[in-house]
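Bear in mind the structure is a predicted one, so any value in this text is a computation, not a measurement. Naming convention: chains lettered A, B, ... in sequence-line order (proteins, then strands); numbering from 1 in each chain.
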Amino acid sequence: MKVVLPDSSELELPEGATGLDAAEAIGPRLAEQAVLVRSNGRVMDLRASLEDGQQIQILTTRDTDDPDALYVLRHSASHLLAEAVRRLYPGTKIAIGPPVENGFYYDFEFPEPIGEDALERIEEEIRRELAEGRSWNREEVSAEEAKRYFAEQGEDYKVELVDTAEGPITFYTQGEFTDLCRGPHLQDSKPIKAVKLTGLAGAYWRGDEHNTQLTRIYGTAFFSQDDLDAYLHRLDEAKRRDHRRLGTELDLFHLSDHAPGMPFWHPKGMVIWNELEDLRRRENVARGYLEVKTPLLYDVDTWVTSGHWEKFRENMFLVPYGEDRTLGLKPMNCPGHMLLFGSALRSYRDLPVRYAEASTLHRNERAGTLHGLLRVQHVTQDDAHMFVTPDQIEEEIFGCLDYATYLYDLFGVEARFELSTRPENKLGTDEEWDFTEGALRSALERRGIEYTVNEGDGAFYGPKIDLHMTDVLGRSWQMGTIQLDSQMPARFGLTYMGEDNAEHTPYVI
RNA sequence: GCCGACGUAGCUCAGCUGGUAGAGCACUUCACUCGUAAUGAAGGGGUCCCCGGUUCGAGUCCGGGCGUCGGCUCCA
């Protein structure tokens, strides 16, 4: 059989040859330094068989910046971590240990809780493993065999993983440690020149807070100590530019125990704030938005009508009112704008109506979720609601997409688009959701915007297009969101008179 | 809410095994008038997050709470 190399030349190999065989055929040095095979964007273990006519690229220890090469290096490092933990903490169960942006992690269930001081000890053990050297052995096994193996070891999580595994099941063994793993992995541990454990955190099994919480150990690994040092240096640089630090240094804002998650804006900070206000007001006018101001407090009945009471009452600030009433401080503007639209008779000739309001919203967030100015309990949001007829939906969504793109471009923020679809707890029928999701999807596609689908992540009243950014630490943050709501207008009894002299319910974006 | 860590002067931080708080920067005054963070001298400034406990005595130990940070979960 033949495989095609990156320079388009062909390499003749015996049937069933592996990537490693290919590397050896090219040269002993290449085989020595080979890390993995990449074929049409997919990464493959060096020990997996190649197919006739396959295009292959062999990555080596010299591809120190290649994301795939680092991915494999770190994946193998995570197995070293698991081996070390199992040796130091007998009785620990292992869960999963994938590479991630900038590093890797492994989830464990320790018999006794561990603290951060344990990391040093574990790191030392990993260094000992590296000094000894480890090589990885890849082996395909049957599901029954795999389950039996892990059941004997008391590895409940692995047993569960085998049950839900797709495709062939492979074991990777290094030293005394065997793990269920799809790979690929390094041949041996020589290329791992620098490992650092960076953190300890709780993480739920399978990402579900109803499951047991495991202990996640984060780490990172590189092909050289210099690369690790450079990475740590970048983290320091990022810290210097952290908005929380700049807020203090430049005297822009501060946070205080007196009002958790509710920033105090200083005179210099307000200069920036007002510039942003001017920008949004100017652009809103240019784009046909009508500025409005609606109340901060509403009778709880209003929140019951909107559906927020049922879903978010725990996260609302409440204020007693009179003998037996309670007001809720608004966590968003929708009901205010609904009530405003419903306060008079509307004609199809008035639509689209675009209400804009930069109101301050309050959300009583779960403890442990706040983060500087990026996740607060008191946020001023440039918010708008468009009341439209069905055939105005697309044009309005185009307008929102263009507006958002314009603003983020202005600040050099690179936005990623995500389409968030119907959640489990939703209002309305599947037919309504088919329509609203379809409208957002087609708007994105007709605008030629690349997006990913975030299944089940929509709001309870409608799907949304979320714009995300990634910070220097690789964390994702949601920015603006474009939502298509087919529920709230009906719940608030909103109508407009159509050309046919009949009442219709508007859609809201 | 959960796991881990932290909470000392305006800011950044030190304070070992418990004995009534320290530094640098900033601030004030004086001297120097010296050209772009960083001259000298003197000085002011702290309920050591809060509450409770142990102790003759707690910033330091223990318990609870609040807040902040790294994550998980959540995010209308």
Side-chain angles (χ1 to χ4, degrees), chain A residues 95-96 100-103 105 107-110 112-119 197-219 235 238-240 242 244-251 254-263 266 303 306-316 328 330-338 361-377 379 381 383 385 420 423 425-427 454 456-464 466 468 471 473-479 481 483 485 487-488 508:
Chain A
I96 57 165
V100 290
E101 176 97 22
N102 294 329
Y105 67 77
D107 285 346
F108 303 98
E109 188 182 311
F110 285 92
E112 301 289 332
I114 61 163
E116 269 175 13
D117 47 344
L119 294 183
L197 298 184
T198 52
L200 185 63
Y204 300 101
W205 170 237
R206 290 182 179 270
D208 185 334
E209 67 176 320
H210 301 104
N211 291 338
T212 48
Q213 190 168 50
L214 306 170
T215 303
R216 176 169 297 179
I217 296 177
Y218 283 94
L235 288 188
K239 249 184 227 157
R240 288 184 46 225
D242 189 300
R244 291 166 297 194
R245 185 179 175 129
L246 293 177
T248 303
E249 274 178 11
L250 303 178
D251 195 16
H254 81 272
L255 291 161
S256 152
D257 293 7
H258 293 283
M262 306 184 215
H266 301 190
W303 302 110
S306 70
H308 288 90
W309 186 250
E310 166 145 22
K311 195 155 162 48
F312 291 114
R313 63 197 292 179
E314 298 303 316
N315 300 305
M316 284 181 64
K330 69 175 167 188
M332 16 68 58
N333 293 304
C334 324
H337 292 182
M338 300 288 156
L361 309 175
H362 292 81
R363 297 178 179 184
N364 192 350
E365 299 285 6
R366 289 171 83 170
T369 56
L370 301 179
H371 183 104
L373 293 183
L374 288 172
R375 182 80 181 263
V376 287
Q377 300 209 99
V379 63
Q381 166 179 310
D383 194 13
H385 289 90
S420 296
N425 284 321
K426 65 178 196 300
L427 299 176
N454 210 342
D457 214 40
F460 66 89
Y461 48 75
K464 48 188 190 138
D466 294 321
H468 291 253
D471 68 16
L473 301 178
R475 299 178 295 198
S476 179
W477 298 92
Q478 188 191 309
M479 305 182 289
T481 170
Q483 314 180 344
D485 181 355
Q487 302 303 315
M488 224 159 284
V508 171

Nucleotide N/O to protein N/O under 3.5 Å, stretch nucleotides 26-28 of chain B:
none

Could you pull out the protein-nucleic contacts involving nucleotides 9-17 of chain B (nitrogen or oxygen on both sides, under 3.5 Å)?
none

Anything under 3.5 Å between a protein N or O and an N or O of nucleotides 63-66 of chain B, put it in a table, one pair a line.
none

Between the protein and nucleotides 72-76 of chain B, which nitrogen or oxygen pairs come in under 3.5 angstrom?
from: rC72(B); atom 1: O4'; to: Gly202(A); atom 2: O; distance (Å): 3.0
from: rC72(B); atom 1: O2'; to: Tyr204(A); atom 2: N; distance (Å): 3.0
from: rU73(B); atom 1: O2'; to: Glu209(A); atom 2: OE1; distance (Å): 3.3
from: rU73(B); atom 1: O2'; to: Glu209(A); atom 2: OE2; distance (Å): 2.9
from: rU73(B); atom 1: O2; to: Arg366(A); atom 2: NH1; distance (Å): 3.4
from: rC74(B); atom 1: O4'; to: Arg366(A); atom 2: NH1; distance (Å): 3.2
from: rC74(B); atom 1: O2; to: Arg375(A); atom 2: NH2; distance (Å): 2.9
from: rC74(B); atom 1: N3; to: Arg375(A); atom 2: NH1; distance (Å): 3.1
from: rC75(B); atom 1: O2; to: Arg375(A); atom 2: NE; distance (Å): 3.3
from: rC75(B); atom 1: O2; to: Arg375(A); atom 2: NH1; distance (Å): 2.9
from: rC75(B); atom 1: O2; to: Arg375(A); atom 2: NH2; distance (Å): 3.4
from: rA76(B); atom 1: OP2; to: Lys464(A); atom 2: NZ; distance (Å): 3.2
from: rA76(B); atom 1: O3'; to: Tyr461(A); atom 2: OH; distance (Å): 3.1
from: rA76(B); atom 1: O3'; to: Gln483(A); atom 2: NE2; distance (Å): 3.3
from: rA76(B); atom 1: O2'; to: His308(A); atom 2: NE2; distance (Å): 3.3
from: rA76(B); atom 1: O2'; to: Tyr461(A); atom 2: OH; distance (Å): 3.0

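One interatomic measurement links the two molecules: NE2 of His254(A) to C1' of rC49(B), which rounds to 15 Å at whole-angstrom precision. Rounded to an integer number of Å, the gap from Leu197(A) CG to rA5(B) C1' is 16 Å. In this structure, Asp117(A) atom CG and rC3(B) atom P are separated by 17 Å, rounded to whole Å. A straight line from CG of Asp471(A) to C1' of rG70(B) spans 13 Å, rounded to a whole angstrom. Put simply, CG on Leu473(A) is 12 Å from C1' on rC69(B), counting in whole angstrom units. To the nearest angstrom, C1' of rC3(B) lies 15 Å from CG of Asn211(A). In this entry the distance linking CD of Glu109(A) with C1' of rC3(B) reads 13 Å, nearest Å. Rounded to an integer number of Å, the gap from His210(A) NE2 to rG1(B) P is 15 Å.
Rounded to whole Å, the separation between the C1' atoms of rU8(B) and rC49(B) comes to 10 Å. Using P as the reference atom, rA9(B) and rC13(B) are 11 Å apart when rounded to the nearest Å. Nucleotides rA38(B) and rC11(B) are separated by 16 Å at their C1' atoms, to the nearest Å. Taking atom P on both nucleotides, rU12(B) is separated from rG53(B) by 33 Å, rounded to a whole Å. Annotation: rU55(B) and rU20(B) have their C1' atoms spaced 15 Å apart (nearest Å). Rounded to a whole angstrom, the distance from the P atom of rC34(B) to that of rC16(B) is 47 Å. A gap of 10 Å separates the P atoms of rA21(B) and rC48(B), to the nearest Å. Only the C1' atoms considered, rA37(B) is 12 Å distant from rA26(B), to the nearest whole Å.
In Gln381(A), the CD atom is crowded: over 12 heavy atoms of neighbouring residues, nucleotides or ligands sit closer than 6.0 Å.
Under a 3.5 Å cut-off, the side chain of Asp485(A) and the backbone N or O of Met488(A) do form a donor-acceptor pair.
For Asp251(A), the salt bridge (charged side-chain N to carboxylate O under 4.0 Å, His left out) test picks out no residue, with sequence neighbours left out. Applying the side chain to side chain contact (heavy atoms under 4.5 Å, CB included) criterion to Leu235(A), with sequence neighbours excluded, gives Tyr231(A), Leu232(A), Leu473(A). With sequence neighbours excluded, the residues that form a side chain to side chain donor-acceptor pair (under 3.5 Å) with Asn333(A) are Lys330(A), Asp383(A). Every residue two or more places apart in sequence or in another chain that forms a side chain to side chain contact (heavy atoms under 4.5 Å, CB included) with Glu249(A) is listed here: Arg245(A), Leu246(A). Among residues two or more places apart in sequence or in another chain, the ring-ring contact (aromatic ring centres under 6.0 Å, His included) test is passed with Phe460(A) by His308(A). In this view, Trp477(A) and His371(A) satisfy the ring-ring contact (aromatic ring centres under 6.0 Å, His included) rule, not counting sequence neighbours. Qualifying side chain to side chain donor-acceptor pair (under 3.5 Å) partners for Asp208(A), counting only residues two or more places apart in sequence or in other chains: His210(A). Scored by the side chain to side chain contact (heavy atoms under 4.5 Å, CB included) test, Leu370(A) finds Glu365(A), Gln377(A) as partners (sequence neighbours excluded).
Heavy atoms only, all atoms of each residue included: Pro331(A) and Met316(A) are closest at CG-CG, 4.1 Å. Summarising the geometry of Trp205(A) relative to Asn211(A), their closest heavy-atom pair is O-ND2, 2.8 Å, with the distance given to 0.1 Å. The two atoms that bring Glu101(A) and Gly474(A) nearest to each other are CG-CA, 4.3 Å, heavy atoms only. For Glu116(A) against Leu200(A), the heavy-atom pair with the smallest separation is N-CD2, 3.7 Å.
rC61(B): Watson-Crick or G-U partner is rG53(B), with both key distances under 3.5 Å.
Contacts of Leu214(A) with the nucleic acid, taken as non-hydrogen atoms under 4.0 Å apart, are absent. Counting any heavy atom pair closer than 4.0 Å across all strands shown, Leu370(A) reaches sugar-phosphate atoms only and no base atom. Arg206(A) comes within 4.0 angstrom of nothing in the nucleic acid, heavy atoms only.
A sub-4.0 Å separation between OP1 or OP2 of rG71(B) and a side-chain N or O of His371(A) is absent.
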